[in-house]
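In what follows, a structure is listed as structure tokens, so that the remarks can point back to it.
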Amino acid sequence: MKLKKKVYVGLSVDMIHEGHINILRTASRYGEVIVGLLTDEAIASYKSIPYLDYKRRKIIVQNIKYVKKVIPQHTLSYVSNLNLIKPHYVVHGDDWKKGVQKKTRQDVIKALKKWSGKLIEPKYTKNISSSLIKNRILEIAISPQNRVSRLKRLISSKNIVRILESHNSLTGLIIENLKVEKKNKNLEFDGMWSSSLTDSATKGLPDNSSLSFSARISSLNDMMDVTTKPVVFDADNGGQIEHLPYLIRSLERSGVSAIIMEDKIGLKKNSLFKNQTGTKQDKPNLFANKIKKICKTRQSNDFMIIARIESFILGKGLQDALKRAEIYSKAGADAILIHSKEKTPSQIFSFAKKFTKSKYYKPLVSVPSTYSKVYEKDLIKHGFKLVIYANQLLRAAYPAMQNTARTILKNSRALEADKKIIPIKEIISLIKND
Ligand code: SPV
Ligand code: MG
């Protein structure tokens, strides 16, 4: 009996549609179809993580009649699977000749050459893709529960999760929609940071907890209404332990994915202020009790508790920070934010070197406000999984608005300001209306 030829198809398959079936049907005409199903990590390396996780996607694909076998494809590149299987054919829609997958395609052609394999490229099925369907569904109905869980999934499938400060719905929409293509990858922010500093500044208040949680969550809900990405909430020190369950209930109900709570007590002062008199660090065990309280009261285990250590901010050393990290981790923190206001990341890197070896290691979070020169690749190298750009959008908007106001005053008319601001037409089309 003649052995069937081997046909390899690499797929992500988040939302199955007729485009996939067309490809698989075509592939099955050439032989036995082996699907290299991209893992969540492989997908996250070049676009947003899939709605369905690997296991669920595998169940779907292996039940399609054109498919003989499903194996994981751990990277965007097909090469290691191809070398393993040495298929006679690879089948992929012709859409990858352009755009982010161009390089992947070239590598496939090079690999196939080694055993005279062939690339088959059926015409791409127009006007349909998982991303299109997914965006549409997300827009219509992202449930708070699904949104809460997304941060944990991102952390486990990406090498670093990028969060940017958002202080209103419009900044939320920038984070939601902005995409930048760089080195064959689509880069985007993964979520929003609800900052106590920029929330307070937006309301003309100092960052000293005078703006209540309920006022902040009420504004936050406006942003939640028009966005789908995960939100990390800056809760200062969480307030009184007895009040925490109510705060957590509100946050989860809104769809927030994580709370960050700092281990300071006394009158709240922003950590980047030089003068920290009046604030001190909480006793580690008392702060651990707050963490335990949240663990007990949260509805979903996917709602993350991120403990923020202020030892470096208050002039204490590495040992104090490490001791606290272990206590907070044991108490149930899902991640640790080690804060610093140094100009370089050396302080947080010295912490990371030790903590990554601890048996209580948890993913690390960085807020590179003062040490903004640090590259994400160096954070990744040191075990950081989350980077929060904590205030940049407000810092960008404020001088732009002030300059425009000044220009109008100086010129006694608005014409000169027009040159530096976007046309009204663009503002109108910024917001979708369908
Ligand atoms: C915030 O953005 O409010 C923060 C980060 O808590 S920091 O300003 O560095 O304290
Ligand atoms: Mg803050």
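For ligands, and for the atoms within them, numbers begin at 1 and follow the listed sequence. The first residue of the sequence shown is numbered 1, and numbering continues consecutively from there. What you see below is based on every heavy atom in this structure, not just the backbone, and it leaves out hydrogens, waters and symmetry mates.
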Next on the checklist: Please check whether T198 reaches ligand 1 - meaning an N/O of the residue sits under 3.5 Å from an N/O of the ligand, judged on distance alone.
Outcome noted: no
Next on the checklist: Under 3.5 Å between any N/O of E262 and any N/O of ligand 1: does that happen in this structure?
Outcome noted: no
Checklist entry - Relative to atom 7 (S) of ligand 1, which among H339, K341, E310 owns the nearest non-hydrogen atom? => result H339
Checklist entry - With a 4.0 Å cut-off on heavy atoms, is N270 touching ligand 1? => result yes
Checklist outcome for this item: S271 heavy atoms within 4.0 Å reach ligand 1 at atoms 10 (O)
Next on the checklist: Distance under 4.0 Å to a non-hydrogen atom of L272: what atoms of ligand 1 satisfy this?
Outcome noted: 8 (O), 9 (O)
Next on the checklist: One thing to verify: whether E181 and K179 come together as a salt bridge, which I'm taking to mean a side-chain N less than 4.0 angstrom from a carboxylate O.
Outcome noted: no
Next on the checklist: I want to know if ligand 1 touches S196 in the polar sense, i.e. an N/O pair below 3.5 angstrom.
Outcome noted: yes
Next on the checklist: I want to know if ligand 1 touches L197 in the polar sense, i.e. an N/O pair below 3.5 angstrom.
Outcome noted: yes
Checklist entry - Any idea which protein heavy atom is nearest atom 5 (C) of ligand 1, and the distance to it? => result R308 NH1, 3.9 Å
Item to check | Short N/O/S contact of N270 with the Mg ion (ligand 2) (below 2.8 Å) | outcome: no
Item to check | Cationic N near anionic O, under 4.0 Å, R105 to E121 | outcome: yes
Next on the checklist: If I consider every N, O or S atom in D234, which one ends up closest to the Mg ion (ligand 2)? I only need its name.
Outcome noted: OD2
